[in-house]
2 protein chains.
Amino acid sequence: MSIIAPDEEILTVGPLEVAPAEHLARGGGQTLNLSARELRLLAELARRTDRIVSREQLYELVWGRPLRPGDRSVDVYVRKLRVKLSLALPEWSFIHTHFGFGYRFAAQRRRVVP
Amino acid sequence: MSIIAPDEEILTVGPLEVAPAEHLARGGGQTLNLSARELRLLAELARRTDRIVSREQLYELVWGRPLRPGDRSVDVYVRKLRVKLSLALPEWSFIHTHFGFGYRFAAQRRRVVP
DNA sequence: TACTGTGGTGAACAACGCGTGAACAGCCTG
DNA sequence: CAGGCTGTTCACGCGTTGTTCACCACAGTA
């Protein structure tokens, strides 16, 4: 029995676990070292697994204000997340681009190069 | 069973053993020489292994009163602990910083430089 | 193939959280 | 009393973070 009771929300997407309330994400036998924004973005994506989320929607969810035209913040943070996720789980890919629409979060085994 | 009745809590985190009731911690084949505060901090961290603990929470747990803004005591004692832990167990790291959130205690083999 | 718009990527930058060494006073012990 | 240990506070500077920019890569289309 643990001292603190984590009755908190835990999002499981394939081999990845995201616990926004605990400020952390686990995968590949390790705890990912994510910044505040990165974790927030990951959580919002994980909450919408298998659905396409537009940049505008993502920005409002994570930043809490409307996306200004020309703002590439979402793209930049998607990249940061992709790097850290593939570092912890090299055989998996999670953030899939849907050209012209947005991103879709889903655990997918990466094609192995022979 | 030992002479002194230790039905007490013994926290094991990787190669490290913490026995708060006995006021000591063992690791790397030796008993660590920790001060009262250091041991207390170590115990509270070890009790929450793999979870992020904020500075505010840690301070209240160890010092027993709310953390005043600007007080860096936790940071200083985390440093003292890190030094002594890595002295006894050079190949391991235990206290991991989560920027903007707090610290997370977990036994992790240090990355060896090739 | 060439064109156009969307997305990927690396880097520069300021702000600031955190790591770190040191100074200091209080306490205990010899 | 002297010396060592402890706990606390301070100042300095490094590394991380968040943001923005420029440039490149690629998809879709004519």
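Quick caveat: nothing in here was measured; it's all calculated off a predicted structure. Residue numbers begin at 1 in each chain, while the letters A, B, ... track the order of the sequences.
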Subject >> Distance test, side-chain N/O of A/Tyr103 to OP1/OP2 of C/dG8, below 4.0 Å >> reply: yes
**OP:** Check the distance between C/dG26's C1' and B/Arg37's CZ and give it to me in whole angstrom.
**Re:** 14 Å
Original post:
In the single-linkage hydrophobic clustering (I, L, V, M, F, W, Y; side-chain heavy atoms under 4.5 Å), do B/Val76 and B/Leu61 co-cluster?
Top reply: no
Subject >> Closest contact, heavy atoms only, B/Gly102 versus B/Ile52 >> reply: N-CG2, 4.1 Å
Original post:
Separation of B/Phe101 atom CZ from D/dG18 atom C1', in whole Å?
Top reply: 13 Å
Subject >> Spacing between B/Lys84 atom NZ and C/dT20 atom C1', to the nearest angstrom >> reply: 16 Å
**OP:** Output yes when at least one side-chain N/O atom of A/Arg55 is less than 4.0 Å from OP1 or OP2 of C/dT6, else no.
**Re:** no
**OP:** For A/Arg40, answer base if it contacts any base atom (sugar-phosphate contacts may also be present), sugar-phosphate if it contacts only those atoms, and nothing otherwise; contact means non-hydrogen atoms under 4.0 Å.
**Re:** nothing
Original post:
Atom NE2 of A/His98 to atom P of C/dT6: distance rounded to whole Å?
Top reply: 18 Å
**OP:** Rounded to the nearest angstrom, tell me the gap between atom NE2 in B/His96 and atom P in D/dG15.
**Re:** 20 Å
Subject >> Base of C/dG19 paired with side chain of B/Arg72 (donor-acceptor, under 3.5 Å) >> reply: yes
**OP:** Starting from the 5' end of DNA chain C, give me the residue, A/Asp75 or B/Lys80, whose nearest nucleotide shows up first.
**Re:** A/Asp75
Subject >> Test side-chain contact (heavy atoms from CB on, under 4.5 Å) applied to A/Tyr103 and A/His96, A/Gln57, A/Arg55, the passing residue >> reply: A/Arg55
Original post:
Want to settle it: does B/Ser73 or B/Phe99 sit nearer the 5' end of DNA chain D, counting the closest nucleotide to each?
Top reply: B/Ser73
**OP:** Give B/Val76 one of three labels, base, sugar-phosphate or nothing, depending on what nucleic acid heavy atoms sit under 4.0 Å from its own.
**Re:** base
Original post:
Of all heavy-atom pairs between B/Ala46 and B/Phe105, which one has the smallest distance, and what is that distance?
Top reply: CA-CD2, 3.8 Å
**OP:** Measure from the side-chain heavy atoms of B/Arg79 and tell me the nearest of C/dT20, D/dT6, D/dT8.
**Re:** C/dT20
Subject >> Minimum-distance pair of heavy atoms, taken over all atoms of A/Ile95 and A/Arg82 >> reply: O-NH2, 2.9 Å
Original post:
Rounded to the nearest Å, what distance is computed from the CH2 atom of residue B/Trp63 to the P atom of nucleotide D/dT9?
Top reply: 10 Å
**OP:** Starting from C1' on C/dC18, measure out to CG on B/Leu67 and report it in whole angstrom.
**Re:** 14 Å
Subject >> 5' priority, DNA chain D, between B/Glu38 and B/Gly70 [closest heavy atom] >> reply: B/Glu38
Original post:
Roughly how many Å is it from CZ in A/Arg82 to C1' in C/dG10, rounded to a whole number?
Top reply: 16 Å
Original post:
Does the side chain of A/Ser35 get closer than 4.0 angstrom to OP1 or OP2 of D/dT16 through an N or O atom?
Top reply: no
